[in-house]
Amino acid sequence: MATSPSSLVVEEGLPLPARRNMLSSRFSALIHSQTLSNGLRSMATTSNAALRRQAASTTSLTSLTERGWQLSFAASTGSATQKLSREYTFKDFSEAWGFMSRVALVAEKLNHHPEWTNVYNRVSIALTTHDEGNQLTALDVKLAERIEAIAGQAGGGES
Ligand SMILES: C[C@H](O)[C@H](O)[C@H]1CNC2=NC(N)=NC(=O)C2=N1
C-alpha cells in the first residue's frame, strides 16, 4: 500500500502512545526502511520532547521529499547508511560554485557538512550524520532546508 507523504502528520489530540505508533508505522510504510523504523521504535521509549522533535523532523522530511529530495538506504556490513540527497542544475559553473560557496558557509556554521560532487553546472548533494553511524538526524533535515533556501535564491533547479 502506498502511503501518501501527508499522512505522516501525526494527529493532534490522540494519546501519545497512539501518536508514536501511528508515526512509526506510517513512516516505515513510506520508506520501507528497517533502520529508520528501528530509530522510530527507539523513539517510542524517549521523552515527549524528543518525540516532538522527531515528529517535527519527520514532517519536514516529508516536505523535502515533496521538493525533490530522495531518501535512500544502502546496506553494508553490519549497518545501513541513510541518505537524504538531491541534485541541482544551474545555468553554468559559476552559478553552481556560488551556490556551493554559500552552502559551505552554512555547513560550517551548523558544523554539519554535505557529501557532494560538482560537474560543471550540476551539484549532487548527499546528507547523513557520520557521528550517528550514517543515520539521518534533525541536522540533516535542517541543512537540507537551508540548502533549498539557498538554491531558491541561486536559481537552482531539479535535475
Ligand atoms: C568533529 C566534528 O564536529 C564532527 O565530525 C562533525 C563535522 N561535520 C559533520 N558532518 C556530517 N555530515 N556529519 C557529522 O556527523 C559531522 N560531524
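Heavy atoms only: backbone and side chains are in, while hydrogens, waters and symmetry mates are out. Just follow the structure's listing: the first ligand is 1, and inside any ligand the first atom is 1.
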Taking a cutoff of less than 4.0 Å between a non-hydrogen atom of the residue and any ligand atom, is T128 in contact with ligand 1?
yes
So CD of E145 and OG of S60: to nearest 0.5 Å the spacing works out to 4.5 Å
shortest atom 4 (C) of ligand 1-to-protein heavy-atom contact is with D131 OD2, 3.4 Å
Give the residue, atom name and distance (to 0.1 Å) of the protein heavy atom nearest atom 14 (C) of ligand 1.
H130 N, 3.5 Å
Does any N/O atom on D140 come nearer than 3.5 Å to any N/O atom on ligand 1?
no
Which heavy atom of T137 sits nearest a heavy atom of E132, and at what distance?
CG2-CG, 3.7 Å
For T129, take its heavy atoms, then give the atoms of ligand 1 lying under 4.0 Å from any of them.
13 (N), 15 (O)
Within a distance of under 4.0 Å, is there any protein heavy atom near atom 9 (C) of ligand 1?
yes
NZ (K109) and CG (L143) are apart, to the nearest 0.5 Å, by 13.0 Å
Roughly how far, to the nearest 0.5 Å, is the CD atom of E108 from the NE2 atom of H113?
4.0 Å
So which of R122, E148, E95 actually passes side-chain hydrogen bond (donor to acceptor under 3.5 Å, both in side chains) with Y88?
E148
Do any nitrogen or oxygen atoms of N111 come within less than 3.5 Å of a nitrogen or oxygen of ligand 1?
yes
CG of D140 to OG1 of T129, rounded to nearest 0.5 Å, is 3.5 Å
